[in-house]
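These figures come from a predicted structure and were not determined experimentally.
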Amino acid sequence: MSDSRHLQCLIASLSRCRSLVHLQQIHALASKTGLDTDHLVVGKLLLLSAAVLPDALDYARRLFSVVPSPDPFMYNTLIRGVSDSDEPPHHPFLLYSRMCRQSVPPDSFTFAFLLKAAANSKSLVLGRQVHSHAVRHGFDAHLFVGTTLVSMYAECGRVAFARKAFDDIPQPNVVAWNAIITAHFRVDDMTNAERLFDQMPWRNLTSWNVMLAGYTGVGELEAARTLFRDMPQKDPISWSTMIIGFASHGHFDDAFGFFRQLLKEGLRPNEMSVTGVLSACSQAGAFETGKILHGHMKKSGLSTITAVANALLNAYARCGSIQMACQVFDLEMGKKSIVSWTSMIAALAMHGHGDKAIELFNEMEEHGLKPDGVIFISLLYACSHSGLVEQGYHFFHRMEDVYGIKHSIEHYGCMVDLYGRAGLLDAAYDFVMRMPIEPNAIIWRTLLGACSIHGNVGLAELVKKKLSKFEPGDSGDYVLLSNIYAVAGKWKDVANIRRSMNNESVRKHPGWSSIEVDKILYMFVANDECCSVKEEAYGKLMEILSRLRKEGYIPEVTSVLHDIEEEEKEDAIAQHSEKLAVAFGMARTSTGSAIMIVKNLRICRDCHLVMKLISKVYEREIVVRDRSRFHSFREGFCSCGDYW
DNA sequence: ATAGGGTTAG
């Protein structure tokens with residue numbers, strides 16, 4: 001066979017190549033005929049291993065390293081592959097500097113890929129450097145480079161630069177227009193985004209999707225809903241944008257609604273839409289719904305996708321079922337990513353199995369995966385929630401000393417929580433004072449939470465003073481401090497807090513509790529208008545409370561607290577949402593079955609007491625997931641031991 | 001000399 005015949009055969013089999021093994025066979029064949037040095041062949045091999053086939057980047061790097069003089073195409077292909085991988089974000093730029101040193105001329109592709117890499121790492125410094133190189137080589141007004149410049153500056157939060165880059169594109173196409181609209185949404189500039197959308201000379205489906213993503217991103221959910229209703233066509237991205245957008249803003253009912261509508265229209269859910277709906281399940285505690293979705297996903301094969309399995313694992317864990325979370329992790333997950341390990345560690349931590357979380361971390365290392373900064377947050381969280389102070393300290397230092405991962409504010413926060421929860425308040429305070437970065441409100445709030453658990457009035461007052469420097473104030477901080485005063489019997493201070501809460505500008509979180517009955521999610525929201533469900537719950541609650549009173553429940557002791565902790569309701573009759581939810585559960589579920597409730601804020605003392613009493617008097621197991629942990633009530637006791 | 005690659009939305 002002639003060389004050109006061989007080459008044609010090779011090219012043909014490369015275009016059919018679907019796996020790394022297949023690629024290696026073709027590569028071996030190429031070396032037999034000496035065609036493995038042909039630039040066209042190497043280029044195709046590189047393209048497949050770096051950008052098309054999954055997990056073949058190492059192979060691409062090895063291939064690249066033996067090419068004596070790589071051409072721009074090869075460099076570009078590897079730069080793209082590396083920036084899409086989990087290699088450190090500066091690696092694409094190292095390749096570019098090698099390219100420069102070897103005098104390989106960059107082209108428009110080179111700058112498009114590099115700018116995307118800069119955008120991914122949100123690094124304005126890198127982005128500007130690449131920009132100036134693009135100018136030097138005369139590619140800055142190139143349509144593709146210009147468009148990527150627009151989105152790079154947008155990702156770095158600089159609309160003015162993005163606008164300049166857009167204006168420099170001689171003939172912007174619809175893609176460039178879409179990019180500049182996105183840029184305005186990134187800085188919450190809805191007005192100009194809308195103006196550009198109206199002005200643009202042509203639109204494609206992505207233009208509408210850009211608007212949907214922009215609206216949901218800035219929290220304009222009703223604008224998104226209207227546009228979604230009126231847009232000329234919808235594709236899977238439009239649907240998942242709505243589901244994810246509504247779920248991420250706590251509008252679970254709407255997220256479920258869009259998902260149901262998608263099914264009703266005969267469309268198949270994809271990995272994005274199921275991830276979104278699972279996130280709604282996870283946040284709201286919709287366990288049964290999650291299980292049904294799981295069944296469908298097994299049939300459709302979606303559950304083998306790592307991101308989907310991670311979402312499923314997370315939903316099970318947050319709905320209270322560590323067993324099902326384990327099952328997904330151990331048996332059903334196709335390939336585990338670092339996110340999968342992190343999720344499982346967080347799941348174990350959430351359920352108080354700190355020791356198992358640490359074991360799992362070690363196991364991950366044995367599998368040869370390198371830990372990142374995020375997994376240490378889960379790990380430190382695991383330590384603090386299981387009282388493993390020494391282990392936490394150990395990991396905190398190892399992450400920098402052994403793994404070379406820089407501490408972020410979240411890691412410092414975990415350490416404050418670690419010391420604080422364990423009652424080492426002085427150590428916690430000392431740690432905050434010696435932190436190398438400026439403590440934020442979350443750090444102080446964590447410390448305040450610890451003061452609340454351990455009843456340290458003096459430190460709490462000091463911390464509250466630090467917190468008052470942050471604007472606007474948070475109602476949760478006032479609630480915590482008033483709890484601390486109330487437990488210490490300082491009723492006058494409790495009253496003062498209440499007064500200042502009314503006077504100062506305080507950000508109030510509306511409290512809600514949810515419960516799933518017969519696969520339907522019921523949300524009880526403070527201040528919500530009355531409805532038949534709420535009336536039913538309220539009626540049952542009155543009945544339960546009167547029985548509890550006969551059994552010795554004395555709400556008077558906590559009445560002042562109760563008053564303070566009212567979820568921003570002035571109405572004296574209105575009740576805490578978790579009490580309504582539990583009463584609704586008692587009314588609608590059969591004796592003997594457990595009741596699971598999810599609350600978005602911390603559970604208050606009075607509600608906690610009521611849950612304990614119900615679990616004893618009615619012999620019901622109740623699980624409450626609140627902002628900080630799971631509470632499992634059984635026979636009059638709570639798994640938290642009354643500290644939370 | 002030849003071909004092989006790109007930008008925006010979840």
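Look at CD on Q8(A): it is 13 Å from P on dG4(B), rounded to the nearest Å. H39(A) places its NE2 atom 14 Å from the C1' atom of dA1(B), with the value rounded to the nearest Å. Between the C1' atom of dA3(B) and the CE atom of M74(A) lies a distance of 11 Å, rounded to the nearest Å. Taking atom CG of residue L212(A) and atom P of nucleotide dA9(B), one finds them 13 Å apart after rounding to whole Å. Going from atom CG of L45(A) over to atom P of dG4(B) covers 15 Å, rounded to whole Å. Between the P atom of dG10(B) and the OH atom of Y215(A) lies a distance of 16 Å, rounded to the nearest Å. A straight line from CD1 of I243(A) to C1' of dA9(B) spans 15 Å, rounded to a whole angstrom. Rounding to whole angstrom units, CZ of residue F258(A) and P of dG10(B) are separated by 16 Å.
Distance from the side chain of N173(A) is smallest to dT7(B) among dA9(B), dT7(B), dG5(B). The side chain of A213(A) has dA9(B) as its nearest neighbour among dA9(B), dG6(B), dT8(B). Candidate nucleotides dG6(B), dG5(B), dA9(B) were compared by shortest atom distance to the side chain of I237(A), and dA9(B) ranks first. Nearest nucleotide to the S240(A) side chain, out of dT7(B), dG10(B), dG6(B): dG10(B). In the set dA9(B), dG5(B), dG6(B), the nucleotide with an atom closest to the side chain of F144(A) is dG6(B). The side chain of T206(A) lies closest to dT8(B), out of dG10(B), dG4(B), dT8(B). Minimum atom distance to the side chain of K116(A) is reached by dT7(B), of the listed dG5(B), dT7(B), dA9(B).
Using a 4.5 Å heavy-atom cutoff, the side chains of T147(A) and N178(A) are not in contact.
In terms of polar N and O atoms assigned as donor or acceptor, the side chain of T216(A) never comes within less than 3.5 Å of the base of dG10(B) in a complementary pairing. At a cut-off of 3.5 angstrom, counting only N and O atoms as typed in the model, there is no donor on one side facing an acceptor on the other between the side-chain of T241(A) and the base of dG10(B).
Taking the ring centroids of F144(A) and F111(A), they lie at or beyond the 6.0 Å cut-off. Proximity of the aromatic rings of F252(A) and W512(A) is defined here by a centroid distance below 6.0 angstrom, and this criterion is met.
For dG5(B), neither phosphate oxygen OP1 nor OP2 lies less than 4.0 angstrom from any side-chain nitrogen or oxygen of T77(A). When the side-chain nitrogen and oxygen atoms of R186(A) are compared with OP1 and OP2 of dA9(B), one or more of them lie within a distance under 4.0 Å.
Crowding of H296(A) atom NE2: a count of heavy atoms from other residues, nucleotides or ligands under 6.0 Å not exceeding 12.
Base contact: T147(A) has a heavy atom under 4.0 Å from a base atom. Base contact: D71(A) has a heavy atom under 4.0 Å from a base atom. Residue contacts for S207(A): at a heavy-atom cut-off of 4.0 Å it reaches no nucleic acid atom on any strand shown. At the heavy-atom level, L40(A) lies under 4.0 Å from base atoms of the strands shown. Using a 4.0 Å heavy-atom criterion, one finds that L47(A) contacts the sugar-phosphate atoms exclusively.
With F197(A) as the partner, the ring-ring contact (aromatic ring centres under 6.0 Å, His included) test is satisfied by one option alone out of W208(A), F185(A), W177(A): W208(A).
With salt bridges taken as basic N to acidic carboxylate O contacts below 4.0 Å, one links K298(A) and E332(A).
Aromatic stacking of W208(A) on dA9(B): not satisfied for centres closer than 5.5 Å together with planes under 30 degrees. Between F73(A) and dG4(B), a base-stacking contact is recorded: ring centres under 5.5 Å apart, planes less than 30° from parallel.
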